[in-house]
Asks: 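Sending over a structure as structure tokens; questions will come in a sec.
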Amino acid sequence: MELGLVGLGKMGGNMRERIRRAGHTVIGYDRNPDVADVHSLEELVGKLKGPRVVWVMVPAGAATQSTIDELAELLSPGDVVVDGGNSRWTDDEKHAVELGLKDIGFVDCGVSGGVWGLKNGYALMYGGSDENVAKVQPIFDALKPEGDFGSVHAGKVGAGHFAKMVHNGIEYAMMQAYAEGWELLEKVDSVTDVREVFRSWQEGTVIRSWLLDLAVNALDDDEHLEKLRGYAADSGEGRWTVEAAIDNAVPLPAITASLFARFASRQDDSPQMKMIAALRNQFGGHAVESKSEN
């Protein structure tokens, strides 16, 4: 099938390549002309045959809103817009209503996979009507990992991004646990090879995981994480998870504490946040700050 893809950054560019490898046609637009296939949204829409599917992969908030506003004026009834960025689920509901007034469908899709997605596939959580999801399904199938899992129609509009938000909240807590354990091991005199302790956990233990593998990768690059400053940003989804928990009276002590630990990293050079920063760089290519930058 044909797909219009808006936003060809770290994630979008690799997604375009994976979809093409599956045999589909992708026409990509980005403000950077060096990576774009077309030079405007209008040109992108004009090159697609109806019913069109346009996947938006730009930063959440104003950038996503302006892109969807422009697409609403360019697309036709029966077309579908997919928001694959990290938008808040309440924005999805608003976008669905706005596009629905023009009989344009809307699907929200939480995407996980980071810089490894091109090779391993992307875990996908999407929300929308059965009719609109069906129009996008060949692209979901191209992007997902091989096998029976890694893709889910989570529910109605907003469900995809809500599921991805909770996924990221859990990710916060898991990374925090590894970071706290690493700092404690580094602190005591009796443990002389913390990196190899972490490596030993990769087989036969209940805490083995991809995040643990990435922690070992980071320690192989910088055994004591001495090159990193103990600072880790939060992308917004951790905050939204805690806010949703408050709204629904659901206790999330571990996830909430991990979010507050990110805030603490902005006050001091936190050893735990060195591990968090290293993990975020390993799985998502997120920027890290070196001590030399401060």
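The first residue in the sequence is number 1, and the count goes up from there. Nothing here was measured: the structure is a model prediction, and the numbers come from that model.
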Asks: With a 4.5 Å cut-off on side-chain heavy atoms, are Trp116 and Leu214 touching?
Replies: yes
Asks: Indicate the atoms forming the closest heavy-atom contact of Val58 with Gly7, along with that distance.
Replies: CG1-CA, 4.1 Å
Asks: Among all residues two or more places apart in sequence or in another chain, which pass the ring-ring contact (aromatic ring centres under 6.0 Å, His included) test with Trp240?
Replies: none
Asks: Can you find a heavy atom in the side chain of Arg18 that is under 4.5 Å from one in the side chain of Lys119?
Replies: no
Asks: Does Tyr122 share a hydrophobic cluster with Leu5, counting links as ILVMFWY side-chain heavy atoms below 4.5 Å and allowing steps through other members?
Replies: yes
Asks: Could Asp37 and Arg20 be called an ion pair, given the rule that one side-chain N must be under 4.0 Å from one carboxylate O?
Replies: yes
Asks: Counting only heavy atoms not in Lys156 (residues, nucleotides, ligands), do more than 12 fall under 6.0 Å from its NZ?
Replies: no
Asks: Walk me through it: do His95 and Gln65 pass the test side-chain contact (heavy atoms from CB on, under 4.5 Å)?
Replies: CA-CA 8 Å; His95 295 151; Gln65 184 66 61; 3.1 Å; yes
Asks: Taking atom OG1 of Thr241 and atom CG of Asn168, what is their separation to the nearest 0.5 Å?
Replies: 7.0 Å
Asks: Is there side-chain contact between His153 and Gln137, with at least one heavy-atom pair below 4.5 Å?
Replies: no
Asks: What distance do Leu279 atom CG and Met174 atom CE have between them, rounded to the nearest 0.5 Å?
Replies: 10.0 Å
Asks: Measuring from atom CG of Asp141 to atom NE2 of His24, what distance do you get when rounded to the nearest 0.5 angstrom?
Replies: 7.5 Å
Asks: Please tell me whether Val53 and Val56 are part of a single hydrophobic cluster in this structure, the criterion being side-chain heavy atoms less than 4.5 Å apart.
Replies: no
Asks: Same cluster or not: Trp182 versus Ile207, using hydrophobic residues (I, L, V, M, F, W, Y) connected whenever any side-chain heavy atoms lie under 4.5 Å apart?
Replies: yes
Asks: Looking at His161 and Thr90, would you say the former's side chain and the latter's main chain have a donor-acceptor pair under 3.5 Å?
Replies: no
Asks: At their closest point, which heavy atom of Met165 faces which heavy atom of Ala244, and how far apart are they?
Replies: CE-CB, 4.0 Å
Asks: Charged N to carboxylate O under 4.0 angstrom, Arg199 versus Asp220?
Replies: yes
Asks: Checking Asp91 against Ser87: is there a side-chain donor and acceptor pair closer than 3.5 Å?
Replies: no
Asks: Considering only heavy atoms from C-beta outward, does the side chain of Arg16 approach that of Arg21 to under 4.5 Å?
Replies: no
Asks: Okay, side chain of Lys10, backbone of Gly285: is any donor-acceptor separation there less than 3.5 Å?
Replies: yes
Asks: Take Leu8 and Asn32 through the test side-chain contact (heavy atoms from CB on, under 4.5 Å) and record every step on the way to the result.
Replies: CA-CA 8 Å; Leu8 301 170; Asn32 178 1; over 6 Å; no
Asks: Is it true that Glu226 and Lys274 make a salt bridge, defined as a side-chain N closer than 4.0 Å to a carboxylate O?
Replies: no
Asks: Enumerate the salt bridge (Lys or Arg N to Asp or Glu O under 4.0 Å) contacts for residues 42-60, please, sequence neighbours excluded, ordered by first and then second residue.
Replies: Glu2-Lys49, Arg52-Asp79
Asks: Please name the pair of heavy atoms, one in Met1 and one in Lys135, separated by the smallest distance, quoted to 0.1 Å.
Replies: CE-O, 3.6 Å
Asks: Just verifying a value: how many Å separate Ile170 CD1 and Leu252 CG, rounded to the nearest 0.5 Å?
Replies: 9.0 Å
Asks: Give a yes or no on whether a salt bridge exists between Glu183 and Lys187, defined as a side-chain N under 4.0 angstrom from a carboxylate O.
Replies: no
Asks: Using the rule that Ile, Leu, Val, Met, Phe, Trp and Tyr join whenever any side-chain heavy atoms are under 4.5 Å apart, tell me whether Val6 and Val35 fall into a single cluster.
Replies: no
Asks: Is there a donor-acceptor pair under 3.5 Å between the side chain of Lys144 and the backbone N or O of Phe149?
Replies: yes
Asks: Keeping Asn281 on the side-chain end and Ala287 on the backbone end, is there a donor-acceptor pair under 3.5 Å?
Replies: no
Asks: Consider only side-chain heavy atoms of I, L, V, M, F, W and Y, link residues closer than 4.5 Å, and tell whether Trp201 and Val191 are in one cluster.
Replies: yes
Asks: Should the pair Phe162 and Trp89 be assigned to parallel (<30°), tilted (30 to 60°) or perpendicular (>60°) ring geometry?
Replies: perpendicular
Asks: Grab the two heavy atoms, one from Pro145 and one from Ala123, that are nearest each other, plus how far apart they are.
Replies: CD-N, 4.2 Å
Asks: Taking the side chain as C-beta and beyond, is there a heavy-atom pair between Leu225 and Glu186 under 4.5 Å?
Replies: no
Asks: Any non-hydrogen side-chain atom of Leu75 less than 4.5 Å from a side-chain atom of Leu99?
Replies: no
Asks: Measuring from atom CE of Met175 to atom CG of Leu211, what distance do you get when rounded to the nearest 0.5 angstrom?
Replies: 6.5 Å
Asks: Let me confirm one number: the CE-CG distance from Met275 to Leu228, rounded to the nearest 0.5 Å.
Replies: 9.5 Å
Asks: Please give me the minimum heavy-atom distance between Val82 and Cys109, naming the atom from each residue.
Replies: CG1-CB, 4.1 Å
Asks: Name all pairs fulfilling the salt bridge (Lys or Arg N to Asp or Glu O under 4.0 Å) condition that reach into residues 243-257, sequence neighbours left out, sorted by first residue then second.
Replies: Arg88-Glu243
Asks: Validate the cation-pi geometry between Arg262 and Tyr172: distance from NZ or CZ to the six-membered ring centre under 6.0 Å, angle to the ring axis within 45°.
Replies: yes
Asks: Can you tell me which residue among Trp55, Phe106, Phe140 is in a ring pair (Phe, Tyr, Trp, His ring centres under 6.0 Å) with Tyr126?
Replies: Phe140
Asks: Is a side-chain donor or acceptor of Asp108 paired with a backbone partner of Val157 at a separation under 3.5 angstrom?
Replies: no
Asks: I'd like to check Glu237 versus His167 (side-chain heavy atoms, cut-off strictly below 4.5 Å). Are they in contact?
Replies: no
Asks: For residues Pro51 and Gly78, report the shortest heavy-atom separation together with the two atoms involved.
Replies: CB-O, 3.6 Å
Asks: Any side-chain heavy-atom pair from Val111 and Lys164 closer than 4.5 angstrom?
Replies: no
